[in-house]
Amino acid sequence: MERVRAAIVGTGFMGQVHARSVRTVGAELVAVVGSTPEKGRRAAATLGAERAAGTVEEALATGVDVLHVCTPNVAHAAAVRAAAAEGVAVVCEKPLAVDAATAAELVRLVTDAGLVATVPFVYRYYAAVREARARIQEPGHRPPWLLHGSYLQDWLADPEAGNWRVDPGIGGTTRAFGDIGVHWCDLAEFVTGQRIVRVQARFARMTDRRPDATGAPVPVATEDAAVLLFETDAGAVGSAVISQATAGRKNALTFSFDGPDASYAFDQENPETLWIGGRDGNRILHRDPARPGAPTGRSATLPAGHPQGYYECFADFVADTYAALRGEQADGLPTFADGLRAARITEAVVESTRTRAWVTVSDA
Ligand code: SOE
């Protein structure tokens with residue numbers, strides 16, 4: 001296949017991350033679409049795109065192979081539909097859609113069109129995560145019975161801070177869980193191989209008013225934090241605390257998956273190591289491709305001591321997506337099916353916060 005030709009719609013932080021990965025994997029960034037023509041033109045210049053396009057349709061008409069959707073959440077579905085209509089592969093930021101029914105529709109669309117369609121659950125790409133997954137899912141290894149952790153950030157810890165995600169009309173009915181709780185749940189299922197089947201959840205807000213786009217303080221309808229209890233199809237129980245307003249925590253995604261043979265703990269802010277707890281002692285496993293049995297995916301093969309970071313994980317995800325365009329199926333590539341899974345867990349979480357009851361995660 002010639003160099004992959006990509007377009008990006010949405011030029012905020014995630015659009016910039018996607019653009020960097022597109023360049024890193026040697027693809028051509030043909031067009032970017034901004035929320036205004038001026039933002040599009042500025043982004044085309046700063047992100048190294050061949051041109052700014054006024055609309056998604058205009059970007060698709062340039063003959064790209066793949067569209068990266070990095071807009072605010074409510075606009076994801078329209079962009080995915082446009083790509084599917086043109087037979088263009090798509091990478092859509094999470095959440096895939098602001099409700100499970102729409103997410104299911106998008107899965108049907110891309111499946112019927114036979115398109116590669118992925119969602120950047122990129123924390124799967126850390127070697128420590130793959131190491132935990134390989135050990136936990138090794139035949140004969142007794143499964144973890146207790147899954148727990150958190151995903152804590154503080155970019156909304158200032159009660160005066162606002163963002164489009166706060167507005168349910170743009171970000172969806174859930175903010176903290178819909179934005180980053182889905183990462184935590186994706187990792188819990190990816191690493192353990194278990195599926196979350198029932199949830200009991202509560203939302204919480206640090207503040208009831210935040211400034212809207214004009215700077216005027218308005219009532220807040222979405223959560224700053226989510227607290228989740230869950231059960232899995234393997235009989236495990238678990239809990240997760242999700243927050244975007246925890247002062248001092250920048251991108252602190254942590255898990256501990258605990259079984260009779262060992263406990264496995266990971267901290268995204270210290271991603272080069274995996275803590276393995278044992279009854280007769282604990283180990284800190286440092287990422288080292290020279291270690292027999294170490295994960296071998298793309299940036300996991302960086303020599304020990306050369307940290308594999310967020311950008312490397314993102315580029316590995318994009319490279320695996322583009323390899324799928326050539327018919328290669330990489331292990332652990334997160335697809336629209338995983339985006340739908342996240343939407344269904346999110347739907348159950350939101351319902352539980354309303355009914356205050358345990359809610360079964362739909363598989364329908
Ligand atoms: C903001 O919470 C954010 O950028 C998320 O949208 C990303 O998915 C996460 O990886 C980092 O934080």
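FYI, the numbering just counts along the sequence from 1. Just follow the structure's listing: the first ligand is 1, and inside any ligand the first atom is 1.
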Could you tell me, atom by atom, which parts of ligand 1 come under 4.0 Å of a heavy atom of [X]?
X	result
Tyr123	9 (C), 10 (O), 11 (C)
Tyr151	9 (C), 10 (O), 11 (C)
Ile180	2 (O)
Asp179	1 (C), 2 (O), 5 (C), 6 (O)
Lys94	5 (C), 6 (O), 7 (C), 8 (O)

Worksheet item: Which is closest to atom 3 (C) of ligand 1 by heavy-atom distance: Gln244, Gln153, Arg175?
Response: Gln153
With no hydrogens and no angle check, do the side chains of [X] and [Y] hold a donor and an acceptor under 3.5 Å apart?
X	Y	answer
Thr118	Thr321	yes
Thr232	Gln194	yes
Gln244	Asp179	yes
Thr11	Gln16	no
Ser150	Thr254	yes

Discussion item. Within the 4.5 Å heavy-atom criterion, are Met14 and Phe314 side-chain neighbours or not?
Written reply: yes
Worksheet entry | Nearest neighbour in protein (non-hydrogen) for atom 4 (O) of ligand 1 | Phe13 CE2, 3.8 Å
